[in-house]
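Here's the structure we're looking at; comments come further down.
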Amino acid sequence: MHPINLYNTLTRSAENLSPMDGQRLRFYCCGPTVYGRAHVGNFRTFVMQDVFRRVVEAAGMETLHVRNVTNVDDKTIRGSIAAGQSLEEFTEYWTRLLHVDCEALSILEPHEEPSAIAHVPEQIELIGQLMEKGLAYQSDNGSIYYRIAAFEEYGKLCHLNKSDVRHNADQRLNTADEYDKENASDFALWKTWREEDGDNAWDSPWGRGRPGWHIECSAMSMKYLGESFDMHSGGVDLIFPHHENEIAQSEGATGKTFARHWFHVAHLKVEGEKMSKSLGNLYTVDDIVSWGFEPNDLRYSLLAGHYRQPLNFTKDSLNACRSARRRLGQFADLLPVGLEPTPGFSVFAPVLDALLDDLNTPKALGLLHSISQDVAADLKAGKSEPDEMVAIASGFHNALLAFGIEVPQADAGGEEAPDGIKDLAEQRSAARAAKDWTEADRLRDELSKAGWEMRDQADGYELTKL
RNA sequence: GGCGCGGUAGCCAAGUGGUAAGGCCGGGGACUGCAAAUCCUCUAUUCGCGGGUUCGAUUCCCGCCCGCGCCUCCA
């Protein structure tokens, strides 16, 4: 069992991480708000969280992976009302599509996937503890707020001094909500019912209402992982305020360290621009597929940059990654097939080392290519021992699993051509046999116009759908 | 104002106090009737700029220029 070295936002340094209980590495991932299709930016975070899990497991550790879906908030409530559906119906619909996309991207299912709707009692219980400890208070309008002045360590994750916080720095805040708080930086634990909430209200000791956003993650992570666990993660935008507030809620209530290690994934840009609804660049997995790429091309491209660095997502990068994946596929075709895979990375061990070193996926992918080329050169030069090849093929296979990358294989077989296309192809073969190049070229053009590419091979031809 | 990140070939992107991984694109070659695919091969005397430390710096230090992120509900 190798520990993984991972940058910890809390300490601003890379630290070794292994299960604190010596058994399973328990970690929590902040999932999406399910009010629409998840976009490539969301998936950068989810793919990196997935690679974290795969690498940790490849290093011989067991995991307990919890990823929530947020289904009680302004956007889901507004969306469900607009759609004329219950909040459950509405958010279950988008959760199902999330699962479809995750599967397409080879993202492993978390062991638990709790949602806020299903954990209202746990959240109420936690708020009650905070009330008892004087860390929360009820305002005149009935809502419950967290009293950050009472939590000494507030700001330790995002490294902001309370005095340095510029309140409402980017003018996004709805100031109408702000009057009832003792301090502008206090945040809502329980929101009292308002007209626009419709039927979405639960009874609590403080009246009908709904939980605030941050409390669900504190309640659910501690329910499934315990009051203290190994790692907590999400996109960088969650560092403040979401994760800072989770720490305040959880550590305030239990007096114990919440998550030991905080892992945050930098944001994705699209064609050099910030992603935003107004720019219309919140691309989805379906968009990528409609451009003619495979979801795995997207996955590869999300691993092509280091997770702590902003990554620029472009169609060019998808093209590059598709080619790179094909290249790996060509290598895979050289390896023996049908063998019982063995554990271990063999000559590909440096790939795992790079991944264990703060999830250096760009370096690891580079090594995957360069080692593959070395192996291929040895194979072609007849310098490799057949029994070595079993371990090497397994090592390659295991390395791909650690990335969650799939490579196209020659024997995968494409789409079957319809009869009309096959007829044209046969005619062209005949023309070629007769050395009638003009007719052969004409038929190739005709096939191309019909959407099929015909490639001549030594012993026949291959048809590929364009 | 506070905190933080980055500037490496046409593009993407690793990296180290001892002289630049890898991928894509592009060039050349093999193969092919021609293509495509594939294979082989080439492509940064140089790492934003200016100083300093050092036998030696892209890598450490200082200054500057440029770009970016966060500072209350966006992965």
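Letters A, B, ... mirror the listed sequences (proteins, then strands); counts begin at 1. Note that this is a predicted model, so its numbers are computed, not measured.
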When we call it a touch if two heavy atoms are under 4.0 Å apart, what does [X] touch: a base, just sugar-phosphate, or nothing?
X: A:G234; value: sugar-phosphate
X: A:Q330; value: sugar-phosphate
X: A:H264; value: nothing
X: A:H369; value: sugar-phosphate
X: A:N360; value: sugar-phosphate
X: A:G366; value: base
X: A:R210; value: nothing
X: A:H214; value: nothing
X: A:E462; value: nothing
X: A:K435; value: nothing
X: A:K75; value: sugar-phosphate
X: A:S317; value: nothing

Watson-Crick or G-U wobble mate for B:rG10, both contacts under 3.5 Å |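 For B:rG10, the partner nucleotide comes out as B:rC24, under the 3.5 Å rule.
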Quick one: the side chain of A:D456 and the base of B:rC34, do they pair up donor-acceptor inside 3.5 Å?
->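 Looking at the base of B:rC34, it does pair with a donor or acceptor on the side chain of A:D456 (distance under 3.5 Å).
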Side chains of A:H99 and A:E113: do they bring a donor and an acceptor to under 3.5 Å?
->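 The criterion, which ignores hydrogens and geometry beyond distance, is satisfied for A:E113 and A:H99.
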Return yes if a side-chain donor-acceptor contact under 3.5 Å exists between A:S233 and A:Q49, otherwise no.
->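 Yes, A:Q49 and A:S233 have a side-chain donor paired with an acceptor closer than 3.5 Å.
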Taking for each residue the nucleotide of RNA chain B bearing the nearest heavy atom, is the 5' side occupied by A:R12 or by A:D74?
->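 Closer to the 5' end of RNA chain B: A:R12.
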For atom CG of A:L379 and atom P of B:rC40, their distance in whole Å |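 My rounded result for the distance is 12 Å.
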Should A:R444 be listed as having a side-chain N or O under 4.0 Å from OP1 or OP2 of B:rC34?
->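 No.
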Distance between the P atoms of B:rU46 and B:rA36, in whole angstroms?
->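 It comes out at 35 Å once rounded to the nearest Å.
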Where the side chain of A:L311 is defined as all heavy atoms beyond and including C-beta, which of B:rC39, B:rC74, B:rA13 is the nearest nucleotide?
->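 Among the listed nucleotides, the one closest to the side chain of A:L311 is B:rA13.
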Ring centroid separation for A:F263 and A:H232, is it under 6.0 angstrom?
->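 That pair fails the under 6.0 Å test.
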Taking the inter-plane angle between the rings of A:Y283 and A:W291 on a 0 to 90° scale, is it parallel (under 30°), tilted (30 to 60°) or perpendicular (over 60°)?
->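 Taking A:W291 first and then A:Y283, their aromatic rings stand perpendicular (interplane angle over 60°).
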